[in-house]
Novice: 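The structure is given below, and queries will be raised subsequently.
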Amino acid sequence: MNSHARSLTSRYPRSLIIAALLALVTALAAASLWATRGSANAAEPIGSNFPSAPPVAPGGEVTTAGEISELDKTLLRKVRQANLWEAPAGRLAQTHASSEAVKRAGVHLMEGHSKLDSMVREAAQTLNVDIPDEATPEQLALVRKLQNSSGAEFDKLFANAVRAPHGKVFPVIAQVRATTKNSVIRAFASQANITVLDHQNVLDETGLVTQETYDEIAAAVVPQ
């Protein structure tokens, strides 16, 4: 044993020295793990964590609840794709936004799209309709853009990027609710109408939605 080691053991009990060394090793290991985990998370895609869509069985759509139109199926698919990116966008608002109104809107998105996703998967399984398991490339690009922004920049981007699709799909929901012959679709459209209206309201209340976004929505939904 060298003189430094003898000096330590003479001044401190051996058990205390061993405990201190173990604590140091544990702290270093935890720091290393945290750094590795942080790097991995930065590279990971932002996912919705929603279950996969149910598989479609051979034989086509089930029509015992009434005839299913192409518009009915389009609504299921559009809502599913919206869930897959708007719920993660709402989650990002909790960590990237500076506005409390934006954070509140994000909570509404997370909760509303979680409920809609459960309903859309159940409806798709009941009716044997295929729905997607991925958002569109454009939607995923928006999530990435949100992920790479923060503060006031995030707030404005979030409010406008999410408000536009809600406004565009709202008339589609109303049309399906008014015209569908299928009772499962009718119930789903009723809930989608409530949820999307709520999301429009909380996004408008942020005060950040621009005139350009409202004009974009109008151009998409108002007959020329």
Novice: To the nearest 0.5 angstrom, please state how far the CD atom of Gln81 sits from the CG atom of Asp133.
Specialist: 10.5 Å
Novice: So do the side chains of Val56 and Val129 get within less than 4.5 Å of each other, counting heavy atoms only?
Specialist: no
Novice: Quick check for you: to the nearest 0.5 Å, what is the distance between Leu146 atom CG and Leu157 atom CG?
Specialist: 4.5 Å
Novice: Sub-3.5 Å donor-acceptor pair from the side chain of Asp130 to the main-chain atoms of Pro55, do we have one?
Specialist: no
Novice: Whether the His166 and His199 side chains hold a donor-acceptor pair (N or O, under 3.5 Å, no angle test) is what I'd like checked.
Specialist: yes
Novice: Are any of the side-chain heavy atoms of Glu122 and Met119 separated by less than 4.5 Å?
Specialist: no
Novice: What closest approach, in Å, do Lys168 and Pro171 show between heavy atoms, and which atom pair accounts for it?
Specialist: O-CD, 3.4 Å
Novice: Looking at Asn201 and Asp198, would you say the former's side chain and the latter's main chain have a donor-acceptor pair under 3.5 Å?
Specialist: no
Novice: List the atom of Gly90, the atom of Met110, and the distance in Å for their closest heavy-atom pair.
Specialist: C-CG, 3.7 Å
Novice: Below 4.5 Å, heavy atoms only, C-beta onward: do Ser114 and Phe50 meet side chain to side chain?
Specialist: yes
Novice: Tell me, do Pro165 and Trp85 make a side-chain contact under 4.5 Å, heavy atoms counted?
Specialist: yes
Novice: Locate the shortest heavy-atom distance separating Ala123 from Val184; write the atom from each residue and the value.
Specialist: CB-CG1, 3.8 Å
Novice: Could you tell me if the side chain of Leu140 sits less than 4.5 Å from the side chain of Thr136, heavy atoms only?
Specialist: no
Novice: Do you know which two heavy atoms are closest between Asn83 and His113, and how far apart they sit?
Specialist: OD1-ND1, 2.7 Å
Novice: Do any N or O atoms from the side chain of Arg80 and from the backbone of Val120 form a donor-acceptor pair under 3.5 angstrom?
Specialist: no
Novice: Between Ser69 (side chain only) and Asp72 (backbone N and O only), is there a donor and an acceptor less than 3.5 Å apart?
Specialist: yes
Novice: With rounding to the nearest 0.5 Å, note down the distance linking CD in Glu153 to OG in Ser98.
Specialist: 10.5 Å
Novice: Which atom pair, heavy atoms only, marks the closest approach of Asn160 to Val209?
Specialist: OD1-CA, 3.5 Å
Novice: Quick one: NZ on Lys73 to CG on Asn182, what's the gap to the nearest 0.5 Å?
Specialist: 11.0 Å
Novice: Does the side chain of Leu127 reach to within under 4.5 Å of the side chain of Ile68, using non-hydrogen atoms?
Specialist: yes
Novice: Does any part of the side chain of Val79, heavy atoms only, come nearer than 4.5 Å to the side chain of Phe188, both counted from C-beta?
Specialist: yes
Novice: What's the shortest heavy-atom distance between Phe158 and Ala105, and which atoms?
Specialist: CE2-CB, 4.2 Å
Novice: Any chance you could measure Glu111, atom CD, to Thr195, atom OG1, to the nearest 0.5 Å?
Specialist: 10.5 Å
Novice: Does either side chain, that of Gln211 or that of Asp215, offer a donor lying less than 3.5 Å from an acceptor on the other one?
Specialist: yes
Novice: Just by modelled atom types, is the Ala97 backbone N or O under 3.5 Å from a matching donor or acceptor in the Asp155 side chain?
Specialist: no
Novice: Is there a side-chain contact between Arg177 and Asn193 in this structure, where contact means two heavy atoms from C-beta onward sitting under 4.5 Å apart?
Specialist: no
Novice: Would you find a donor on one side and an acceptor on the other, under 3.5 Å apart, between the side chain of Thr206 and the backbone of Leu203?
Specialist: yes
Novice: Kindly say whether Gln175 contributes a backbone atom to a donor-acceptor pair with the side chain of Thr179 at under 3.5 angstrom?
Specialist: yes
Novice: Does Gln94, at its CD atom, have more than 12 non-hydrogen atoms belonging to other residues, nucleotides or ligands within less than 6.0 Å?
Specialist: yes
Novice: Working note: Gln147 + Leu92, criterion side chain to side chain contact (heavy atoms under 4.5 Å, CB included); need CA distance, chi angles, decisive distance, verdict.
Specialist: CA-CA 7 Å; Gln147 188 181 23; Leu92 283 172; 4.2 Å; yes
Novice: Look only at the side chain of Gln191 and the backbone of Ala187, and say whether a donor-acceptor pair between them is shorter than 3.5 Å.
Specialist: no
